[in-house]
Asker: 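Okay, here's the structure, questions in a sec.
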Amino acid sequence: MASRGLVLRATSLLLCLLMTPGLAWRGLALVGRAARPRTSRLAASARRTWAIAEDGRWVSSAAATARGANDVGWSGLSREARASSDASSEEVGVHEVSDAAEARRVAALLCARDELIHACDTEVADLDLGRSPLGQGRVLCITVYSGPDLDVGSGPGKALFVDTTEPGVLEAFKPWLERESALKVWHNYGFDRHVLYNHGVDVVGFGGDTMHMARLWDASRLAGYSLAALTEELVGRAKASPLTRPDWVQYAVYDAKGAPPLERQARLSRMEWLRTRSLFDFYTEYWRPFGELGAVSAPLPLPGELLTDMERAGVMVDVRSKLPLAQTRAQADRDAAELTFRKWAARYTEAAWYMNVGSGTQVQTLLFGGATRRNSAEVSELKEELDARGVSRKGLRLKADLRQRLSEAVSTSEAGVIVDSGRKEVEFELSSLQLEHAKTTKSGWPATDAAALRELAGRPSEDPPVFGSAYGAFGGGEVGEEACRALEALCQMGAIDTMLSNFILPLQDLADGTSRIHCSLNLNTETGRLSSRTPNLQNQPALEKDKYLIRDAFVAAPGKALVVADYGQLELRLLAHMTACTSMVEAFKLGGDFHSRTAMGMFDHVRRAVEDGTCLLDWDYSQGEPPAPLLKDLFGSERRRAKTLNFSIAYGKTAHGLSKDWGVSIDEAKEMLRAWYADRPEVLQWQKDTIASARATGATRTLLGRYRTLPGIQGRNGAVRAHMERAAINTPIQGGAADIMTLAMIKLQRSEKLREMGFRNLLQVHDEVMFEGPAELADEARAEVVACMERPFDENLPSLLVDLVVDANTASTWYEAK
DNA sequence: GGGAAATGCGCC
DNA sequence: AAAGGGCGCATTTCCC
């Protein structure tokens with residue numbers, strides 16, 4: 001068997017490509033990763049250009065510099081805060097509380113000072129950051145800083161260091177922590193509340209969350225200052241060597257001093273919100289209740305907690321039968337698909353039998369032979385250089401389980417193909433099928449994602465089958481068909497693997513003793529949406545793709561029911577409202593299928609067909625069978641395009657992107673965009689105005705007037721600028737939708753009906769909420785949920801030009817309720 | 001061994 | 001210059 005040398009990696013070696021029977025050798029094509037161009041991430045590398053002047057107005061950084069204003073960036077503040085903290089660490093002394101008697105004395109003094117706002121923090125040990133703090137972690141200490149007016153006997157303005165590892169200390173502080181009138185400000189409240197709850201302390205008296213406040217004055221990323229980052233640092237240090245007491249004290253009081261809530265409040269107070277009011281008013285009225293409990297100045301007290309209560313409640317999953325069954329089915333399907341692919345691939349290159357099918361690099365090598373970005377001269381040059389240095393084969397690591405399965409095969413393999421290196425790794429040589437690739441990754445390598453595999457495979461299992469580009473590459477006929485089927489199997493295997501490792505397995509692992517999953521809900525996005533992590537419950541498979549019925553494993557507790565409610569076309573309604581687009585507002589007023597109406601507006605022949613009765617816009621099937629065909633059936637492709645545009649326009653999609661998605665020319669894509677905008681000129685105008693204003697001010701605003709700074713929108717980097725311009729028109733919509741959901745959730749939380757009926761909010765997925773409560777009251781609860789969501793605005797806020805439509809169902813599983 | 005980058009993919 | 005906004009996360013590979 002002849003083999004030819006080929007360059008791979010500068011540090012290690014050279015890949016021998018094998019001549020394989022039945023496949024034409026097309027020469028050298030594999031290039032090492034060292035040749036990859038470096039790319040940087042757009043958002044992360046963008047530099048901030050905005051600042052707040054002393055009077056609280058947004059100004060450009062140039063103006064800010066001229067006027068000596070502070071950099072508004074979090075990192076900027078963080079540095080200032082750290083500097084001032086470091087500078088004042090000698091000035092602000094620490095009062096240590098290390099025994100029960102002293103704890104009782106100090107806690108009593110605190111209870112007498114409800115007029116103060118107390119900045120609090122905890123330090124925690126024995127914590128796995130990959131899961132919710134509910135049910136794990138041990139509080140080591142609490143730190144409290146109450147400002148210069150508190151004196152517990154050792155002088156005014158001391159930070160308290162409360163050592164809760166000493167017996168009786170936490171118990172002594174419990175009454176104060178559970179005291180509703182003692183306002184406590186935290187940095188990422190949910191974390192501390194949950195960890196203290198593990199010790200039987202149910203913290204209330206929420207004064208605010210400095211993390212949320214920071215988000216409000218600058219929605220940009222807060223890299224490096226997350227609680228997780230701080231905790232990881234601490235855990236890392238504790239691991240390296242036991243922390244000494246002074247370490248602990250300094251570390252623990254750092255946050256309270258470094259991010260004083262009053263400074264946050266002052267910053268927010270300087271920023272305009274609705275003409276005469278400030279962002280601090282916004283925080284107090286909306287985000288503080290959203291973050292937790294209505295404190296003194298909220299318009300109405302909230303009867304409990306919101307985000308932290310949702311986290312605490314968790315959602316029940318069926319770990320006894322449904323998820324294990326899903327796992328069994330998924331693993332069987334995956335193994336079958338994997339075998340199909342392996343058998344096929346190994347016929348061309350034996351090493352494929354041993355490869356890691358989950359490795360993009362190996363699939364890349366197998367199918368395409370690597371990148372095509374280097375010309376042959378460069379390849380030869382590299383090859384010579386590496387040959388001269390004597391570098392040899394590439395070692396490809398195999399998964400442990402695969403390794404075990406293959407250990408026998410390795411020892412009996414044909415000469416030359418598999419080399420057991422004697423280390424933990426098995427080295428092998430993978431020759432390439434040298435297929436043409438239609439798509440590359442952003443760094444220029446052939447993509448091996450689902451779309452790329454689909455391009456090769458086509459839809460060979462459909463009737464009639466549609467074969468992809470691999471069919472011809474393998475000479476058509478049965479051989480071509482088999483190739484397509486094998487590549488489809490590879491694609492399916494990847495999809496099933498995703499279901500297993502992202503959903504089916506972690507859900508079982510993360511469920512607590514009562515089969516409930518507790519995610520962490522964070523108010524930490526650029527647009528004001530929530531995010532969910534450990535696990536992310538906001539990306540569970542949607543109904544159409546939920547082959548293993550994962551959503552069916554999300555269940556109501558025995559005797560209870562779920563109420564699942566979602567807004568219909570929330571973002572499109574926001575777009576209609578914010579642009580005051582007559583056509584869209586009218587379409588929503590008329591009701592019926594919105595995308596079909598869009599198709600009518602875009603295509604004359606569709607409009608005529610509806611007008612002369614050839615087809616119906618929409619039909620209510622409770623009236624029996626429709627007397628004429630429906631638009632969506634007669635003009636399916638027109639409606640699909642209209643729908644795609646409806647969703648894409650708000651994201652700023654370009655003709656270039658549309659033409660690629662649809663496989664049409666740029667001109668055709670442009671024509672589609674023109675047709676969409678022709679019916680909605682206000683949208684185009686609004687987008688232009690919004691971008692212009694964003695460029696002038698460096699920020700864009702949501703429906704409720706929250707800001708998002710857009711670093712780089714005035715800069716010279718075209719890619720960053722274009723990205724920020726799209727964000728400028730999307731954030732008002734996406735953030736506006738988030739505003740509406742925030743209002744709705746506050747209203748839901750304040751609903752006495754729901755509280756009396758025993759319904760509690762478990763989840764929010766951007767335009768959807770899930771409640772759980774007694775099954776016999778589910779219908780009544782459903783009606784109340786709909787009522788709250790349809791009218792989320794309080795009397796201080798203007799209403800929308802369009803109605804909010806809510807679809808809600810009750811069922812015992814998430815799957816059934818959709 | 002661990003962190004970071006690259007790739008890919010789930011949701012709205 | 002890139003070519004759709006916003007997230008979280010698994011896996012592999014690179015790199016120190």
Side-chain angles (χ1 to χ4, degrees), chain A residues 9-12 32-34 36 38-44 130 219 221 232 236 356 358-364 394-399 440-453 494-495 497-503 505-506 519-520 522 524-543 545-546 550-551 566-567 569-571 644-645 647-661 666 669 700 708 716-735 737-738 741 764-768:
Chain A
R9 197 150 170 104
T11 50
S12 50
R33 296 237 157 205
R36 287 188 181 214
R38 288 207 168 273
T39 56
S40 58
R41 285 180 50 191
L42 223 54
R221 282 179 195 288
E232 269 157 16
N356 179 355
S359 158
T361 308
Q362 291 181 36
V363 171
Q364 213 173 61
K394 164 116 175 150
L396 292 172
R397 270 170 285 186
L398 300 177
K399 279 183 178 173
T440 61
T441 68
K442 70 174 178 184
S443 56
W445 295 88
T448 56
D449 60 11
L453 297 179
D497 253 343
T498 299
M499 290 295 123
L500 279 165
S501 39
N502 285 3
F503 307 112
L505 297 174
C519 68
S520 144
N522 313 295
N524 63 355
T525 61
E526 307 260 354
T527 59
R529 276 187 177 183
L530 290 178
S531 75
S532 164
R533 58 184 298 267
T534 62
N536 182 358
L537 292 179
Q538 293 178 319
N539 72 340
Q540 302 298 309
L543 292 207
K545 299 169 105 181
D546 195 4
I550 293 165
R551 286 203 188 215
D566 69 298
Y567 282 112
Q569 321 281 27
L570 182 57
E571 293 201 3
T644 301
L645 282 176
F647 287 125
S648 305
I649 293 276
Y651 301 151
K653 185 136 183 165
T654 60
H656 181 269
L658 282 173
S659 78
K660 269 175 92 175
D661 283 3
I666 297 263
T700 190
R708 175 182 173 182
R716 280 190 302 278
N717 184 324
V720 171
R721 199 172 58 237
H723 185 216
M724 287 300 117
E725 286 176 359
R726 290 190 291 272
I729 57 175
N730 177 256
T731 293
I733 308 301
Q734 189 188 118
M741 185 51 103
Q764 181 252 54
V765 190
H766 312 308
D767 66 351
E768 170 185 349

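Please read these numbers as outputs of a predicted model, since none were measured by experiment. Per chain, numbering begins at 1; letters A, B, ... match sequence-line order.
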Asker: Between A:Thr654 and C:dG4, is there a contact of a side-chain N or O with OP1 or OP2 at under 4.0 Å?
Answerer: yes
Asker: Is there, by distance only and without an angle test, a donor paired with an acceptor across the side chain of A:Ser648 and the base of C:dG4 below 3.5 Å?
Answerer: yes
Asker: Atom CE of A:Met724 and atom C1' of C:dG4: how far apart are they, to the nearest Å?
Answerer: 13 Å
Asker: For the residue pair A:Arg708 / A:Thr700, report whether a side-chain donor-acceptor contact shorter than 3.5 Å exists.
Answerer: no
Asker: How close do A:Glu571 and A:Arg529 get, counting heavy atoms only, and between which atoms?
Answerer: OE2-NH2, 3.3 Å
Asker: Of the candidate nucleotides C:dG8, C:dT11, C:dG6, which contains the atom at the shortest distance from the side chain of A:His766?
Answerer: C:dG6
Asker: Expressed as a whole number of angstroms, how long is the span from A:Met499:CE to B:dC11:C1'?
Answerer: 10 Å
Asker: Are OP1 or OP2 of B:dC11 and a side-chain N or O of A:Arg551 less than 4.0 angstrom apart?
Answerer: no
Asker: Of the nucleotides B:dC11, C:dT13, B:dC12, which has the atom closest to the A:Thr361 side chain?
Answerer: C:dT13
Asker: What closest approach, in Å, do A:Pro506 and A:Leu500 show between heavy atoms, and which atom pair accounts for it?
Answerer: CD-O, 3.5 Å
Asker: Please state how far atom CD in A:Glu571 lies from atom P in B:dC11, giving the value in whole angstrom units.
Answerer: 16 Å
Asker: Which nucleotide in the list B:dC9, C:dG5, C:dT12 gets nearest to the side chain of A:Gln734?
Answerer: C:dG5
Asker: So which heavy atom on A:Ile550 is nearest to which on A:Pro541, and how close?
Answerer: CD1-CG, 3.7 Å
Asker: Does C:dA2 have OP1 or OP2 under 4.0 Å away from a side-chain N or O of A:His723?
Answerer: no
Asker: Any side-chain N or O of A:Thr525 under 4.0 Å from OP1/OP2 of C:dC7?
Answerer: no
Asker: How close do A:Ala727 and A:Pro732 get, heavy atom to heavy atom, and via which atoms?
Answerer: O-CD, 4.2 Å
Asker: Output yes when at least one side-chain N/O atom of A:Thr448 is less than 4.0 Å from OP1 or OP2 of B:dG8, else no.
Answerer: yes
Asker: Round to the nearest Å and state the distance from A:Lys442 atom NZ to C:dA3 atom P.
Answerer: 9 Å
Asker: Quick check for you: among C:dA3, B:dC11, C:dG6, whose closest atom lies nearest to any side-chain atom of A:His656?
Answerer: C:dA3
Asker: May I ask you to verify if any side-chain N or O of A:Asn524 is less than 4.0 angstrom from the OP1 or OP2 atom of C:dG8?
Answerer: yes
Asker: Establish, with yes or no, whether the OP1 or OP2 oxygen of C:dT13 is under 4.0 angstrom from a side-chain nitrogen or oxygen of A:Gln362.
Answerer: yes
Asker: Is a donor from one side chain sitting under 3.5 angstrom from an acceptor on the other, for A:Thr448 and A:Gln364?
Answerer: no
Asker: CZ of A:Arg726 versus P of C:dA1: gap in Å, rounded?
Answerer: 15 Å
Asker: Measure the distance from CZ on A:Phe503 to C1' on C:dC9 and round it to the nearest whole Å.
Answerer: 9 Å
Asker: Looking at the side chain of A:Ala450, which of C:dC7, B:dC9, C:dG6 is the nearest nucleotide?
Answerer: B:dC9
Asker: How many whole angstroms separate atom CG of A:Asn536 from atom P of B:dC12?
Answerer: 11 Å
Asker: So is the aromatic ring of A:Tyr651 stacked onto the base of C:dG5, judging by whether the centres are under 5.5 Å apart and the planes are under 30° apart?
Answerer: yes
Asker: Is a donor-acceptor contact shorter than 3.5 angstrom present between the side chain of A:Arg533 and the base of C:dC9?
Answerer: no
Asker: For the C1' atoms, the ones on C:dA1 and on B:dC9, what distance do you get once it is rounded to whole angstrom?
Answerer: 26 Å
Asker: Taking atom P in both C:dG4 and B:dA5, compute the distance separating them and give it to the nearest angstrom.
Answerer: 24 Å
Asker: Could you tell me whether the side chain of A:Asp449 has a donor or acceptor atom within less than 3.5 Å of a complementary atom in the base of B:dG8?
Answerer: no
Asker: Does A:Gln540 reach a base, just sugar-phosphate, or nothing at all? Heavy atoms under 4.0 Å.
Answerer: sugar-phosphate
Asker: Test of understanding: with side-chain hydrogen bond (donor to acceptor under 3.5 Å, both in side chains), list the residues that count as partners of A:Ser520, not counting sequence neighbours.
Answerer: A:Asn522
Asker: C:dC9, C:dA1, C:dG5: which one has an atom nearest the side-chain heavy atoms of A:Ala722?
Answerer: C:dA1
Asker: For a quick test of reading the model: is some side-chain N or O of A:Thr498 closer than 4.0 Å to OP1 or OP2 of B:dG8?
Answerer: no
Asker: Write down the distance between CG (A:Asn730) and C1' (C:dG5), rounded to a whole number of angstrom.
Answerer: 3 Å
